[in-house]
**Q** 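Let me give you the structure first, and then I'll get to my questions.
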Amino acid sequence: MSTFDKSTLIRMLKQAEANIDTEHEALSKLDALTGDGDHGITIQRTMNAVGKALDDGMDKPLADLLKAVAMKVMMCDGGSTSPLLGSYFLGLASAATADELTAAQTAALFQAGLDNFSKTSKAKLGDKTMMDALLPATEALVQALHDGGDIPSAFSAASAAAAQGAEKTKDYVAKLGRARTMGQRAIGHYDPGAVSISHIFRGFAEAVN
Amino acid sequence: MSTFDKSTLIRMLKQAEANIDTEHEALSKLDALTGDGDHGITIQRTMNAVGKALDDGMDKPLADLLKAVAMKVMMCDGGSTSPLLGSYFLGLASAATADELTAAQTAALFQAGLDNFSKTSKAKLGDKTMMDALLPATEALVQALHDGGDIPSAFSAASAAAAQGAEKTKDYVAKLGRARTMGQRAIGHYDPGAVSISHIFRGFAEAVN
Amino acid sequence: MKKFINDPTHLTAELLEGMAMAYPQKIKLESEKLVCRAKPKSADKVALVTLGGSGHEPALQGWVGTGMLDISVVGDIFAAPGPPKVLEAFQKVKREAGILLVTLNHAGDVMSADMAKQMAEAEGITVKEIITTEEIRPSADEEGRGLGGCMLVYKIAGAAAEKGMTLDDVYRIGDKVNKNMATIAVLSEIATHPSTGGECGEMGEQEMEICAGQHGEGGGVRMDMKSSKDTAELLAGKVVEKLGLTKGDEILLMVNGSGKTTLMEMLITFRDAAKFFEAKGIKVVRGETGEFLTVQEAAGYQLIALKFDAETKALWDAPCDTPYYTVA
Amino acid sequence: MKKFINDPTHLTAELLEGMAMAYPQKIKLESEKLVCRAKPKSADKVALVTLGGSGHEPALQGWVGTGMLDISVVGDIFAAPGPPKVLEAFQKVKREAGILLVTLNHAGDVMSADMAKQMAEAEGITVKEIITTEEIRPSADEEGRGLGGCMLVYKIAGAAAEKGMTLDDVYRIGDKVNKNMATIAVLSEIATHPSTGGECGEMGEQEMEICAGQHGEGGGVRMDMKSSKDTAELLAGKVVEKLGLTKGDEILLMVNGSGKTTLMEMLITFRDAAKFFEAKGIKVVRGETGEFLTVQEAAGYQLIALKFDAETKALWDAPCDTPYYTVA
Ligand SMILES: Nc1ncnc2c1ncn2[C@@H]1O[C@H](COP(=O)(O)OP(=O)(O)O)[C@@H](O)[C@H]1O
Ligand SMILES: Nc1ncnc2c1ncn2[C@@H]1O[C@H](COP(=O)(O)OP(=O)(O)O)[C@@H](O)[C@H]1O
Ligand SMILES: [Mg+2]
Ligand SMILES: [Mg+2]
Ligand SMILES: [Mg+2]
Ligand SMILES: [Mg+2]
């Protein structure tokens, strides 16, 4: 497969949701080490909201569907997760110019997601946040599509980059989020939000491969 | 020794205090099983108040000394223990007609203690309270003195009767005090107050033997 | 026992000092263990006195102030204060209008109060006494202890006294509250004695006890731990029975946490109990949820209900101003 | 985890229902997670809104009512509510006089508030925001979180709003409170998450942590458990430093228990801290000791102090009437 359309994106998000359903307990345990122990709950609640919004809005044009997803995500009490992913989906929605997208448009879609996420997040690379997975994943995706890669291999590259980014958070001191106050003691622990993003991108890759 | 005087009574009470100092932790543990776990604290506090009042009032006539003891006992926050033993000492004081007492007067002294204790206590034999030790101890003492026994053997008899009385509380359901509400579940546990009284009478016997 | 304390033998003295320092506008400490109003009530009004051991904060001294208690005579941890100190309180507030003494039904408190009353009478001081016995026991012929419901007597009789009612009326109203209220306790984890660190009793991993006392002295009925709803309905059912509540009755409902139980649990419990009453047509017209009479870090709560009439309801709503209960 | 709860996924909904049923004279619940005043404030006065996760009862919704908050937007356990719900609160109280939003400095709350404010502005609703950051951190260049001190902002800015002051003034006063207050937390036992039963962090048998956060997320300084006095003096010393308190200054001192810590310990702590301040000539002119912002059954407390001036002191004393804080 090499086209990217609404149904592809729906399949990708559903697979991401399934991965989070599997991983949420481990994610809460990670958050217990550097935060308040609830990230598994909030990310699962958020991804389930995504799934629900997709089911309810199947027939809408992609932009409207993504806007509905964003609203649903922001409606759930997701701590940091819900405004961050809400912003991400609003960003995606803003670039969803059609229900079927070219490679360049697909790259632009995910770039817009990252851009709007960044506005809310304000995180830089190395701050030990979701950004550490989302930024390299998006860059890898955009680069691969720009270099003419097909959809499956582009998302595989993105997934690998997200996983690598999440892995690196182990060595960081947190600059944002609840873990900020832990200082050096955060070193050695993964950032749960970054790990979530890597599970989500792994889901994207699994859905198209 | 066969006379009973103020200094004898002081020695007896001091020995009783020493016994309670040794036993207070075990008494709190008993109270934890059927009450609120503080009887060791309250009886020790009470007996220490007795010791303190004796030291402070050595030179007073016996009746005044016992009144001072009673006030000091009642001034300490002793839960059930402080009004009960306060009444006991007030009773003793009321019959302390001289600083040196005949056998008959000694019997009357302890009988008066029991009588005034009973007014506050209202307990009957078998109610699983201090009464179960104090009543038989006093009866044995009075009987022995009446039968012409000397002071040491009379207090030995009283001590044995107190111990036996305390032992029996194991088989009783409590009718008064905090253990009242335990019903059948109190069976198998000693009443801490009765055990205290037996330690006190053991001290009396030790002091004169 | 991991606690923020200093000398375990000075707990009561230090906590009272702390309360007096935190609320100097409302209370003051006299002769070490008498907690008195900062601004005494005028002498033509009935005075309210109570007594009891410490370790149950904010009870009882937390309710000294306008519209509630005049003096709380504080004993050491879980231990009734001795009779002379109670007498001292009577001497301090003696007045023509008279004194109402409220005693919780526990052996030590009752005996201390009794001796103090006799001493007061010998000095010509008149004291009327209400012994609170509102606890629901497993069998109806057992006499109940005095649990958290005392707070309702202080509040309502206190408001009556503040209004200038006679001792007879204040007594009548307080007695009516005692007779129309019911408290039932549930315990799921037992307290430690803060001076000795000893546990007051023992309890299984998945066990709870209803009709439990305040200190883990037992005497209740043990059963498997239940959900909030099942527990609340079990307890509320016994309240309905004891007070003979029927459709149209109006009640005050109070959930009084024992210490460790979170306010979250108490609020959920309030909801479950209130729904149970409402389903029977019994109207929950006033409510309180929080820690009133605690027992250190015991887990569990007391469900307290009062069947209102117009008089007690109006007095419940009357203003009061104490460190731990204020009505604006 | 032995708790009186029902469905662990409905904790927040049920506890809010319980609070609304217990205090219908003071609050009402709208669209599930907006806790609003039972009698709305008149439209010519500034409205106060706040937001935050549940699990910290009685905070934050326990302070909705006359003289304090107009709406508390409640998120699920320890989780900020999403932006649209905050927007809904703004829409509900929008008015010429304006809205003051008080946000505690935690990542989720700040981001949610920020998005909601942008949405509100797009609709022409003006909102001024105070982000509370009064926490004392181990090093002075770290930005503090918003802990229990928020209650002081609600009370004092709320009183200003109730008096009919302009948004600028209400903001100025609230901001002054934020800048003149300090909170330092000590934690000795960690909470469990009430939905998952998981422990939020870990802590040694004889360990305590100062500058600890609200949920056991760490970031403080660990040390051996200390006595009440030593702990209180350590914390109070840091408060003196942060607020630059000197002889003659007047402060409000608050000891806010985290959940498991008994009121006995808090009162002893209040005494020890107050004596420390008084010895330096700093006058503790107002006090509060109790559970304000809790974290389930965590043990420990927050020591909160506000350096008063005449304006903030008078507003602190102004009447208010909410479920969990009342000034007569
Ligand atoms: N400003 C931010 N930018 C990106 N990610 C952030 C930011 N703040 C927090 N996060 C992420 O949020 C995660 C925690 O999410 P969650 O546990 O749901 O929220 P909370 O911290 O409010 O409990 C962190 O692991 C981190 O990855
Ligand atoms: N009415 C009574 N008569 C005699 N002894 C009593 C009575 N009530 C209680 N007691 C005694 O008091 C003991 C408990 O004393 P203590 O623990 O000091 O007081 P509290 O029960 O108030 O905590 C009981 O073991 C019992 O022996
Ligand atoms: Mg978290
Ligand atoms: Mg006892
Ligand atoms: Mg006791
Ligand atoms: Mg959270």
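First the proteins, then the strands, lettered A, B, ... as listed; each starts at 1. If you're wondering where the values come from, they're calculated on a predicted model, not measured in any experiment.
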**Q** Heavy-atom distances under 4.5 Å only: say whether Lys119(A) touches chain D with side chain, backbone, both or neither.
**A** neither
**Q** Tell me, out of Thr42(A), Leu84(A), Leu176(A), who's got the most heavy-atom pairs with chain D below 4.5 Å.
**A** Leu84(A)
**Q** Please name all residues satisfying ring-ring contact (aromatic ring centres under 6.0 Å, His included) with Phe292(D), sequence neighbours left out, ordered by chain then number.
**A** none
**Q** CG/Asp76(D) to CZ/Arg45(A) distance, rounded to the nearest 0.5 angstrom?
**A** 4.0 Å
**Q** Just checking Lys242(D): does its NZ atom have more than 12 heavy atoms from other residues, nucleotides or ligands closer to it than 6.0 angstrom?
**A**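 Counting other residues, nucleotides and ligands, NZ of Lys242(D) exceeds 12 neighbours.
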**Q** Which pairs would a plain distance check flag for residues 108-117 of chain D, meaning a side-chain donor or acceptor within less than 3.5 Å of a matching protein atom at least two apart in sequence or in another chain?
**A**
| from | atom 1 | to | atom 2 | distance (Å) |
| --- | --- | --- | --- | --- |
| Ser112(D) | OG | Pro81(D) | O | 2.6 |
| Asp114(D) | OD2 | Gln118(D) | NE2 | 3.4 |
| Lys117(D) | NZ | Glu129(D) | OE1 | 3.0 |

**Q** Enter the distance from Asp36(A):CG to Ile77(D):CD1 here, rounded to the nearest 0.5 Å.
**A** 11.0 Å
**Q** Is it true that, when you exclude Glu30(D) itself, more than 12 heavy atoms of the residues, nucleotides or ligands shown sit nearer than 6.0 Å to its CD?
**A**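 Atom CD in Glu30(D) is packed in, count exceeds 12.
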**Q** Against chain D, label Leu90(A) side chain, backbone, both or neither, depending on which of its atoms sit under 4.5 Å from a heavy atom there.
**A**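 For Leu90(A), the contact with chain D is made by the side chain alone.
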**Q** Heavy atoms, side chains only, cut-off 4.5 Å: are Asp77(A) and Lys33(D) in contact?
**A**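 Answer yes - side chains close enough.
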**Q** Has Lys52(A) got more than 12 heavy atoms of other residues, nucleotides or ligands less than 6.0 Å from its NZ?
**A**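 Atom NZ in Lys52(A) is not packed in, count stays at 12 or less.
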**Q** Checking side chain to side chain contact (heavy atoms under 4.5 Å, CB included) for the pair Ile41(A)/His193(D): CA distance, chi angles, key distance, verdict?
**A** CA-CA 11 Å; Ile41(A) 300 180; His193(D) 193 291; 3.5 Å; yes
**Q** In terms of heavy-atom contacts, does NZ of Lys14(A) have more than 12 from other residues, nucleotides or ligands at under 6.0 Å?
**A**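 Yes, because the 6.0 Å sphere around NZ of Lys14(A) holds more than 12 heavy atoms from other groups.
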**Q** Check whether Glu88(D) gets within reach of chain A through its side chain, its backbone, both or neither, counting any heavy atom under 4.5 Å.
**A** neither
**Q** With a 4.5 angstrom heavy-atom cut-off, which part of Val86(D) approaches chain A: side chain, backbone, both or neither?
**A** neither
**Q** Can you tell which of Gly82(D), Ala107(D), Pro84(D) has the highest number of heavy-atom pairs within less than 4.5 Å of chain A?
**A** Pro84(D)
**Q** Mark yes when over 12 heavy atoms from residues, nucleotides or ligands other than Lys92(D) sit less than 6.0 Å from its NZ; otherwise mark no.
**A**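 Atom NZ in Lys92(D) is packed in, count exceeds 12.
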